[in-house]
Amino acid sequence: MFEKDLLKNKTIIVTGGGTGLGKSMANRFGELGANLVIASRKDDVLKAAAEDLRKTGAEVEWSVCDVRNPGDVAELVSFTKEKFGTIDILLNNAAGNFICPTEKLTEGGFKVVVDIVLNGTFNCTLAVGKEMIEQGKGTMLNIVTTYAWTGSGYVVPSAAAKAGVLAITRSLAVEWAKYGIRTNAIAPGPFPTEGAWSRLAPPGLGIEKALKNRIPLKRFGEHGELANLASYLVSDQAAYINGEVVTIDGGEWLKGAGEFNELDKVPKLAWKAMSAFRKGKK
Ligand code: NAP
């Protein structure tokens, strides 16, 4: 669906790029010609992922970086500049999350998620943003979630932090447009990954089945679908898209939002009976 070299000569930092959706998006960017720097906390995971990603033909480097630590982020930025000269695109994808009744949360549990998701995104955005301002151009893409605006029980730290990331996205889309920087977000619905599934849909609780059932399209997302959307949004083809959050969830959040959507459980016969009843009344 894309030109072969859509992202040629673009250098892209992907936080959390060694696993899950970050790795899948990095892989697609690599296929489209980008230079990649993947960053997260585990050296061995990053090294193995970089080897896989190089199979796309891309130049791939990795940098051990805890996004909560501004010193690590500064190193990530100088490492990327040293290797590739510029930073064209930042994908803020790193995150932490777990399910927990809110009354059972500790202050530490809340803080750790907010530190990774919100402060980590801010740290990377600020450090890379300064480089982009100097370059006079750049693109930021933040991975949020649909409960960034609906909220969700049992994931309050993540919901609060992702809402903050969405606010950063929209704020900077306006404030930094004058520097030639576009800022957008993607809100994925459920996409199976080892990381998310082990923390959010542990086996035996029926969570996976329940998650799938509430999606109008009755399936989970495929990594390639998200990776293509991300590739488009960071590419120059999307040059006029700024401040947008694109939802890719098979209609999941709207299904929960519409007051009468649960009526799709009503059997056909009952609809016929209701219709006959209405006509009879007339
Ligand atoms: P994942 O594989 O667990 O990805 C999270 C990544 O973040 C890991 O590579 C992890 O690497 C990195 N990370 C965590 N803490 C970090 C830190 N302090 N510093 C640097 N890196 C850190 O899960 P995923 O499902 O692919 O999630 C990717 C993104 O999609 C997240 O933003 C998530 O909120 C979002 N999302 C996912 C879904 C879904 O259904 N999968 C739905 C909505 C939104 P290390 O642990 O090695 O540092």
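First listed ligand is number 1; within each ligand, the first listed atom is number 1. All figures in this text were calculated on a predicted structure; none of them were measured in a lab.
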*Quick one, list the residues around ligand 1 where some non-hydrogen atom comes in under 4.0 Å, by chain and residue number.*
G16, T19, G20, L21, S40, R41, K42, C65, D66, V67, R68, N93, A94, A95, I116, I143, V144, K162, P188, G189, P190, F191, T193, G195, A196, W197, R199
*Flag for N123-R68: side-chain donor and acceptor within less than 3.5 Å*: no
*In chain order, what residues pass the side chain to side chain donor-acceptor pair (under 3.5 Å) check against D264, with sequence neighbours excluded?*
K255
*Do NZ/NE/NH1/NH2 and the carboxylate oxygens of E51 and R54 come within less than 4.0 Å?*
no
*Could you verify whether a donor N or O on one side chain and an acceptor N or O on the other, from T146 and D249, lie under 3.5 Å apart?*
no
*Determine whether I207 and I215 fall in the same hydrophobic cluster, where Ile, Leu, Val, Met, Phe, Trp and Tyr are linked whenever their side-chain heavy atoms lie under 4.5 Å apart.*
yes
*K10 bridged to D236 by N-O distance under 4.0 Å*: yes
